[in-house]
Amino acid sequence: RVKPDAIRLLKVRGDSDLARLMVDIGARVTQRLDAPFLDLASAPTFAAYEERYASKARKNRRRLARRLDEQGKVAFASYGSGLDAERLVRAAIPMKRVWLTERGLVSAALGDPRTLAFFAAVAADTSRPTGTRVSALTVDGAVAAVEIAFGCRERMAIHIMAYDLAFEKSAVGVLLLEHLLAKSHADGVSTYDLLAPGDGYKKEWADGSVEVCDYAVPVTRSGRVYVEGWLARARPALKAAFARVPLAWRRWMMRGGG
């Protein structure tokens, strides 16, 4: 028998049955985030959908695309499960780790080797369908940006978007996303879910968002101390304090202080 001191549930979407249960039992919210989404079904064509974005932003993306064309042959590709998808996953996660380090950000999940092993295994497995879609933008054959997503019915959920910092000024991540939005609309995807957290660039694209919360339920006295003392107070305060550390210092710490 399991006798926990506390029960902790991470990233529970506000539109789920589980969220309603958490509210009914008075579970403690220890973190609130937003999961932005795009309502692709709200327009008959992707060209019509794009009209909701500012003309200046659309012209800027076309300018970036022309600039990238000058650097080499640009190509887009999308794969379901298979060796090509696995190859792109193994390129994407190391790129994401470098991106995090350059911004002085911490991700325990992406830093864990099991994350790469899991996504690579899922992407490679053709015997058990998971709705995997791994897409890339390449320049002269070099992988410049990758998106790892999973589809279910008419919804596409984006788990990882990564790009090579060598192409950062060309906004390859933006160009890949625009291409995939057009493809998804053509494929009948109605909701393009960018998932939590609700970063600024996601909200620039999104039509709305769903609240996503971490919940905790103390079971014992020790569990209450853990939930109220660490999860609800000390941990958020430490994260906020780390975010205020100058970027150069955070990069130094992320690189091991060397």
Side-chain angles (χ1 to χ4, degrees), residues 1-37 89 93 96-97 99-101 103-123 125 128-132 148-153 155-162 191-200 202-203 206 208-245 250 253-254 256:
R1 294 179 60 187
V2 177
K3 296 182 179 180
D5 290 302
I7 299 169
R8 187 184 180 201
L9 300 172
L10 305 180
K11 292 183 172 58
V12 178
R13 293 177 65 92
D15 55 2
S16 67
D17 291 336
L18 187 55
R20 290 190 285 274
L21 173 62
M22 292 297 99
V23 172
D24 289 345
I25 66 175
R28 183 74 153 90
V29 176
T30 58
Q31 179 174 248
R32 295 182 187 273
L33 299 170
D34 290 317
F37 65 87
V89 165
I93 292 180
K96 192 69 174 183
R97 289 171 179 165
W99 182 90
L100 288 167
T101 300
R103 281 155 180 76
L105 300 174
V106 177
S107 172
L110 285 170
D112 191 325
R114 291 174 297 180
T115 298
L116 174 54
F118 169 78
F119 278 103
V122 170
D125 191 349
R128 291 168 289 187
T130 57
T132 302
I148 303 172
F150 296 90
C152 181
R153 298 193 177 116
R155 178 180 293 267
M156 188 66 67
I158 313 309
H159 282 256
I160 295 175
M161 175 70 83
T191 303
Y192 204 84
D193 198 331
L194 301 178
L195 302 184
D199 296 326
K202 294 181 181 180
K203 292 181 178 180
S209 64
V210 175
E211 186 176 60
V212 177
C213 294
D214 290 354
Y215 289 97
V217 182
V219 178
T220 65
R221 183 176 298 177
S222 297
R224 185 169 299 279
V225 172
Y226 171 70
V227 170
E228 296 297 333
W230 171 247
L231 292 181
R233 292 184 173 83
R235 188 172 182 270
L238 287 172
K239 289 180 69 175
F242 183 76
R244 291 193 294 269
V245 173
R250 283 189 280 130
M253 287 186 284
M254 290 290 292

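In what follows, every heavy atom counts, from backbone to side chain, and hydrogens, waters and symmetry copies are set aside.
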Note to self: I want to check something: taking the side chain as every heavy atom from C-beta on, are Asp112 and Phe118 in contact at a cut-off of under 4.5 Å?
What the structure shows: no
Notebook entry, point to check: Does the pair Ile25 and Val217 meet the rule for a side-chain contact (heavy atoms from CB on, under 4.5 Å), with working shown?
Noted result: CA-CA 9 Å; Ile25 66 175; Val217 182; 4.1 Å; yes
Next item on the list: Nearest 0.5 Å please: distance from the CG atom of Leu18 over to the SG atom of Cys213.
Entry: 11.0 Å
Checklist line | Least distance between heavy atoms, Ala196 atom then Ala35 atom | finding: N-CB, 3.7 Å
Margin query: Taking the side chain as everything from C-beta on, heavy atoms only, tell me whether Ile160 gets closer than 4.5 Å to Leu110.
Written below: yes
Item checked: Aromatic ring pairing Phe150/Phe119, orientation class (parallel under 30°, perpendicular over 60°, tilted between) -> tilted
Next item on the list: May I ask you to test the Arg8-Tyr226 pair for a side-chain heavy-atom distance under 4.5 Å?
Entry: yes
Note to self: Can a donor-acceptor pair be found, under 3.5 Å and without considering hydrogens, that links the side chain of Thr132 to the backbone of Ala123?
What the structure shows: no
Next item on the list: Measure the spacing between CG of Leu116 and CZ of Arg97 and express it to the nearest 0.5 Å.
Entry: 5.5 Å
Next item on the list: Start with the C-alpha gap between Leu105 and Trp99, add the side-chain angles, then the distance that decides, and say whether side-chain contact (heavy atoms from CB on, under 4.5 Å) holds.
Entry: CA-CA 9 Å; Leu105 300 174; Trp99 182 90; 3.9 Å; yes
Checklist line | For the student: nearest non-hydrogen atoms of Leu195 and Lys202, plus distance | finding: O-NZ, 3.1 Å
Check: Which heavy atom in Arg28 sits nearest to a heavy atom in Ala232, and how many Å separate them?
Finding: NH2-CB, 3.6 Å
Next item on the list: Can you measure from CZ (Arg20) to CG (Asp15) and round to the nearest 0.5 angstrom?
Entry: 8.5 Å
Next item on the list: Answer with yes or no whether the side chains of Thr220 and Ser222 bring together a donor and an acceptor at under 3.5 Å.
Entry: no
Next item on the list: Identify the heavy atoms of Lys239 and Gln31 that sit nearest to each other, and give their distance.
Entry: NZ-OE1, 3.1 Å
Notebook entry, point to check: Would a 4.5 Å heavy-atom cut-off, applied to side chains only, mark Thr30 and Asp214 as touching?
Noted result: yes
Check: Between Met253 and Arg250, is any pair of side-chain heavy atoms under 4.5 Å apart?
Finding: yes
Margin query: To the nearest 0.5 Å, what is the distance between CE on Met156 and CZ on Arg153?
Written below: 14.0 Å
Notebook entry, point to check: Would you call Val106 and Leu100 a side-chain contact if the rule is heavy atoms closer than 4.5 Å?
Noted result: no
Margin query: Measuring only between side-chain heavy atoms, which start at C-beta, is Asp34 closer than 4.5 Å to Lys203?
Written below: yes
Next item on the list: Report yes if the side chains of Phe37 and Val210 come closer than 4.5 Å at any heavy-atom pair, otherwise no.
Entry: yes
Margin query: Please report the interatomic distance CZ(Arg13) to CD(Glu211), rounded to the nearest 0.5 Å.
Written below: 11.5 Å
Note to self: So which atom in Ser16 and which in Val12 form the shortest heavy-atom distance, rounded to 0.1 Å?
What the structure shows: OG-CG1, 3.6 Å
Next item on the list: Search all heavy atoms of Pro36 against all heavy atoms of Asp193 and return the closest pair with its distance.
Entry: O-OD1, 3.5 Å
